[in-house]
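Report on the following structure.
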Number of protein chains: 2
Amino acid sequence: MELRTNRSESGHARYDAGWTALLNPAPDDDHPGRACGRQVRYKQRALILAEGDEASAVYEVIEGGVILFKLLPDGRRQIIEVLGVGDVFGLAASSVSDVAAEALTPVRLARFERSTFEGDSRLRDRLFARLRAQFCALHDHALLLGRKSAQERVTTFIARMVPGCFGLDDTPPKPGGDPIRVDLAMSRQEIADYLGLTIETVSRTFSALRRSGVIAYRKQDEVEIPNIRRLFHMTGSE
Amino acid sequence: MELRTNRSESGHARYDAGWTALLNPAPDDDHPGRACGRQVRYKQRALILAEGDEASAVYEVIEGGVILFKLLPDGRRQIIEVLGVGDVFGLAASSVSDVAAEALTPVRLARFERSTFEGDSRLRDRLFARLRAQFCALHDHALLLGRKSAQERVTTFIARMVPGCFGLDDTPPKPGGDPIRVDLAMSRQEIADYLGLTIETVSRTFSALRRSGVIAYRKQDEVEIPNIRRLFHMTGSE
DNA sequence: CGCGGACTTGATCTGTCTCAAGTGCCGTGG
DNA sequence: CCACGGCACTTGAGACAGATCAAGTCCGCG
């Protein structure tokens, strides 16, 4: 009962590309997992950390994807961050975690106990740099949640998955080239919970984007973008 | 033309209380401005940093309040964070700032040049601890922006201004005691931009809360809360 | 082949936005 | 001292984006 999605097999491999591109401003010294703590693995959809759990360790994503989310007492869920390779979580202001963490894909993590972490300023600096990038992503997402329309949210979301378009990464924005393919790697419900919408609105927006030719897809999480500029212009950010 | 609000004189003094309580989980070693960089001052509403400015320094709030915000090309604004004493800003993933910063009140800041900052791991650790707290606040705010109703947003906002109710601060939650007074220190428009609402909706919500007796006020930014529990129950968070 | 879960689509409802007047407050000048 | 103007805020009426409720449809799997 852990295998209930029809998520593509290639998702995990391709998955890194999107989020890593977004959140890796400069893939400089830190090869993820280099200065490893203990490695741990989780199955897809496994709960890594619950809200309120003792925040006794810091995790770095080595492979796969992780979502951080919060719940309201009545069950409303907000996905706060979607993490890819190199991203960090588990740090909280107090001794308990303020968010829950779940494996979006099968995932490999480096786990650093709080004690290790506190003693190792080199490690701390590395994670610190990482957090700065995540900080900016969070700022961007607040803008999305507070001020963007459904269409802008969805197009922004898709645009973020395109490697090398936001991050100062490798591949250049590809002027008018051939269609770009991206793997969403998230269910419609997850996308909805991330973008602060309902699943129906997300679905309708995808359909509308397809109808108007901005995107194309057969399987619903393998999207082709014939013209990136056109997509960008719908994000509200330019 | 810098003096155009009818903001209360006491605002600045009392201002710290609210946000500091929220974002100071443990007022331990760091007396703000202890390990000072160069001190700088800004008048109320002065622009400290624009989006896209060179991120050459890190700032710590010594006295007063600062807002961080982002703009969309068409003018929509989202206030990302409201900072009080001890909070930190200016760190970005890349070399330019991803947000703009404005003085919410007359403000005193400690400015640390990037070079200073990079060489001083003690300083970095101190700011790092701070950022963790701000990180959690950002998470909470994402939940608010993505999943809460207008009424829940406004009550959450007011509740956050109450010193010692969220942070593990001094004053205990005050069971059924006398009315608590808080100073909002933000205009309706600022509140709207922070909560992802329009000014009219914020105004209407305040009026409705007053009508129903949850809050009381004469000047619109000096709010009394006769019964905090009642307010809390409207935040959606409990 | 038929079941179940994820997704899509349609019809309707509603919370929030938009547009448009107010109202109240404060500072200015007659 | 009071009329006046400006600005922030409030209030109302109506429009609309997105939510909700309710069927479908698609597709992988047993």
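Note on naming: letters A, B, ... go to the chains in the order of the sequence lines (proteins, then strands), and numbering restarts at 1 for each one. Any value given below was found using the heavy atoms of this structure, including those in side chains, with hydrogens, waters and symmetry copies removed.
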(message) Strictly below 4.0 Å: does A:Ser203 bring a side-chain N or O up to OP1 or OP2 of C:dA6?
(response) no

(message) With rounding to the nearest 0.5 angstrom, report the CE to CG distance, B:Met186 to B:Asp221.
(response) 11.0 Å

(message) Strictly under 4.0 angstrom, non-hydrogen atoms only: write out the protein contact profile of nucleotides 10-19 of chain C, one letter per nucleotide from the 5' end, B, S or -.
(response) BB----SSBB

(message) Below 4.0 angstrom, which residues in residues 208-217 of chain A have at least one non-hydrogen atom near DNA chain D?
(response) none

(request) Output all residues satisfying side chain to side chain contact (heavy atoms under 4.5 Å, CB included) with A:Arg218, sequence neighbours left out; order by chain, then residue number. (result) none

(request) Give the ring-plane orientation class for B:Phe157 versus B:Tyr194, where under 30° counts as parallel, over 60° as perpendicular and anything between as tilted. (result) perpendicular

(request) Please identify each residue that fulfils side chain to side chain contact (heavy atoms under 4.5 Å, CB included) with B:Ala101, with sequence neighbours left out. (result) B:Ile48, B:Leu49, B:Val66, B:Leu68, B:Phe89

(message) Measuring from atom CG of B:Leu184 to atom CD1 of B:Ile158, what distance do you get when rounded to the nearest 0.5 angstrom?
(response) 6.0 Å

(request) Output all residues satisfying side chain to side chain donor-acceptor pair (under 3.5 Å) with B:Ser203, sequence neighbours left out; order by chain, then residue number. (result) none

(request) Can you measure from NE2 (A:His233) to CD1 (A:Ile228) and round to the nearest 0.5 angstrom? (result) 12.0 Å

(request) Please name all residues satisfying side chain to side chain donor-acceptor pair (under 3.5 Å) with B:Glu51, sequence neighbours left out, ordered by chain then number. (result) none

(message) Do the side chains of A:Arg41 and A:Glu63 get close enough for a salt bridge, i.e. N-O under 4.0 angstrom?
(response) no

(message) How many whole angstroms separate atom CD of B:Glu190 from atom C1' of D:dC7?
(response) 14 Å

(request) Rounded to 10°, tell me the angle between the two end axes of the helix from C:dC1-D:dG30 to C:dG30-D:dC1, each built from five pairs. (result) 20°

Check: residues 142-149 of chain A side-chain donor-acceptor pairs under 3.5 Å, at least two apart:
unit_1	atom_1	unit_2	atom_2	d
A:Arg147	NE	B:Arg77	O	2.8
A:Arg147	NH1	B:Leu197	O	3.1
A:Arg147	NH2	B:Ala192	O	3.1
A:Arg147	NH2	B:Asp193	OD1	2.9
A:Arg147	NH2	B:Leu197	O	2.9
A:Lys148	NZ	A:Thr156	OG1	3.0
A:Lys148	NZ	A:Thr235	O	2.9
A:Lys148	NZ	A:Ser237	OG	2.7
A:Ser149	OG	A:Glu152	N	3.2
A:Ser149	OG	A:Glu152	OE1	3.4

(request) With sequence neighbours excluded, tell me which residues meet side chain to side chain contact (heavy atoms under 4.5 Å, CB included) with B:Ala208. (result) B:Arg211

Pairs: protein N or O with nucleotides 22-24 of chain C N or O, under 3.5 Å:
none

(message) For A:Asp98, give me all partners under side chain to side chain donor-acceptor pair (under 3.5 Å), at least two apart in sequence or on another chain.
(response) B:His139

(message) Please enumerate all residues that pass side chain to side chain contact (heavy atoms under 4.5 Å, CB included) together with A:Arg230, with sequence neighbours excluded.
(response) A:Ser212, A:Val214, A:Asn227

(request) Compare the minimum distances between each of C:dC7, D:dC9, D:dT11 and the side chain of A:Ser187, then state the nucleotide with the smallest one. (result) C:dC7

